[in-house]
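Everything on this sheet refers to the single structure shown next.
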There are 2 protein chains.
Amino acid sequence: MAVAEEGHVGRAARKLHLTQPPLSRHILALEDELGTRLFERTPRGMMLLPAGEVFLSHARRILAEVDVAIARTKGAGEGEA
Amino acid sequence: MAVAEEGHVGRAARKLHLTQPPLSRHILALEDELGTRLFERTPRGMMLLPAGEVFLSHARRILAEVDVAIARTKGAGEGEA
DNA sequence: GATGATTACGGCAGTCGTAATTATA
DNA sequence: TATAATTACGACTGCCGTAATCATC
């Protein structure tokens with residue numbers, strides 16, 4: 001998500017308090033796991049491919065739902081306590 | 001999810017091709033992260049608490065959505081290739 | 001004393017960061 | 001030659017498994 005938003009691995013890495021290489025490896029590992037390129041590499045940075053857009057929109061929604069799950073679980077726990 | 005389904009850390013661990021201690025630690029870490037107990041420990045095993053049920057239902061749906069995300073992304077990638 | 005979860009502890013895998021390399025304009 | 005990504009490589013953190021311990025019936 002950070003790479004998609006920034007358009008650069010380097011800038012995204014700074015945002016995530018990481019350096020370029022590990023983040024680059026994460027992207028490559030994810031593409032490998034999915035069996036699909038998510039980004040087009042350009043000399044100016046990274047550009048989302050259609051498959052990347054599809055994955056990005058799912059990822060955003062799923063992460064939002066994780067937040068909801070955490071909040072609801074905490075709420076249920078406090079209700080009990 | 002496995003522990004909830006089996007009702008025992010040990011049985012769940014076997015199902016996951018793991019041993020008891022790391023799985024027990026995962027559960028404890030998750031409870032710590034959420035700040036809430038998910039299971040009641042009984043001498044016969046683990047029983048879901050209400051907060052655990054809430055978390056379980058969210059977890060199931062979220063993992064199913066991850067599968068959908070993967071499938072759709074792969075599909076988009078192949079459509080492009 | 002048996003069953004089942006948890007804690008201690010040593011070893012290994014995976015991920016990080018720095019440095020070097022590759023690629024394109 | 002400048003920018004940006006990737007690969008090489010050494011170091012460290014974190015997770016696993018075995019063994020020991022705690023707790024309840």
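Since we're looking at a predicted model, the values are computed, not measured. Lettering follows sequence order; numbering is per chain, from 1.
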Measure [atom1]/[X] against [atom2]/[N] and give the value in whole Å, please.
{"X": "Arg37(A)", "N": "dA5(D)", "atom1": "CZ", "atom2": "C1'", "answer": "12 Å"}
{"X": "Glu6(B)", "N": "dA5(C)", "atom1": "CD", "atom2": "P", "answer": "11 Å"}
{"X": "Leu28(B)", "N": "dC22(D)", "atom1": "CG", "atom2": "P", "answer": "17 Å"}
{"X": "Arg14(B)", "N": "dT3(C)", "atom1": "CZ", "atom2": "C1'", "answer": "12 Å"}
{"X": "Glu40(B)", "N": "dA23(D)", "atom1": "CD", "atom2": "C1'", "answer": "14 Å"}
{"X": "Ile27(B)", "N": "dG4(C)", "atom1": "CD1", "atom2": "P", "answer": "17 Å"}
{"X": "Leu30(A)", "N": "dA5(D)", "atom1": "CG", "atom2": "C1'", "answer": "17 Å"}

Residues Glu31(B), Arg25(B); criterion salt bridge (charged side-chain N to carboxylate O under 4.0 Å, His left out); working and verdict:
CA-CA 10 Å; Glu31(B) 290 178 329; Arg25(B) 285 189 298 252; over 6 Å; no
What is the minimum heavy-atom distance between [X] and [Y], and which atoms define it?
{"X": "Val3(B)", "Y": "Leu23(B)", "answer": "CG2-CD2, 3.8 Å"}
{"X": "Thr73(B)", "Y": "Ala51(A)", "answer": "CG2-O, 3.6 Å"}
{"X": "Thr36(A)", "Y": "Lys74(B)", "answer": "OG1-CA, 3.9 Å"}
{"X": "Val68(B)", "Y": "His58(A)", "answer": "CG1-CE1, 4.1 Å"}

Do any N or O atoms from the side chain of Arg61(B) and from the backbone of Ala59(B) form a donor-acceptor pair under 3.5 angstrom?
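It does not hold such a pair.
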Can you tell me if the side-chain N/O atoms of Arg41(B) get under 4.0 Å from OP1 or OP2 in dA23(D)?
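Indeed not, no polar side-chain atom of Arg41(B) lies that close.
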Check this one for me: any side-chain N or O of Ser24(B) less than 4.0 Å away from OP1 or OP2 of dT6(C)?
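Yes, Ser24(B) has a side-chain N/O under 4.0 Å of OP1/OP2 on dT6(C).
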Just do the side chain to side chain contact (heavy atoms under 4.5 Å, CB included) check on Leu28(B) and His26(B) with the steps written out, would you?
CA-CA 5 Å; Leu28(B) 289 167; His26(B) 276 294; over 6 Å; no
Any ion pair linking [Y] and [X] (charged N to carboxylate O, less than 4.0 Å)?
{"X": "Glu5(A)", "Y": "Lys15(A)", "result": "yes"}
{"X": "Glu53(B)", "Y": "Arg72(A)", "result": "no"}
{"X": "Arg60(A)", "Y": "Glu65(B)", "result": "no"}

Atom pairs, protein N/O to nucleotides 21-25 of chain C N/O, distance under 3.5 Å:
none

So how far is it from Glu6(A) CD to Leu16(A) CG, rounded to the nearest 0.5 Å?
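It is 8.5 Å, given to the nearest 0.5 Å.
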Nucleotide N/O of nucleotides 14-20 of chain C paired with protein N/O under 3.5 Å:
residue : atom : partner  : partner atom : Å
dC16(C) : OP1  : His26(A) : NE2          : 2.9
dC16(C) : OP2  : His26(A) : NE2          : 3.4
dG17(C) : OP2  : Thr19(A) : N            : 3.2
dG17(C) : OP2  : Thr19(A) : OG1          : 3.0
dG17(C) : O6   : Arg25(A) : NH1          : 3.1
dG17(C) : O6   : Arg25(A) : NH2          : 3.3

What is the bend of the helix from dG1(C)-dC25(D) to dA25(C)-dT1(D) when you compare the axis at one end with the axis at the other, using five pairs each and rounding to 10°?
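So the angle between the two local helix axes works out to 30°.
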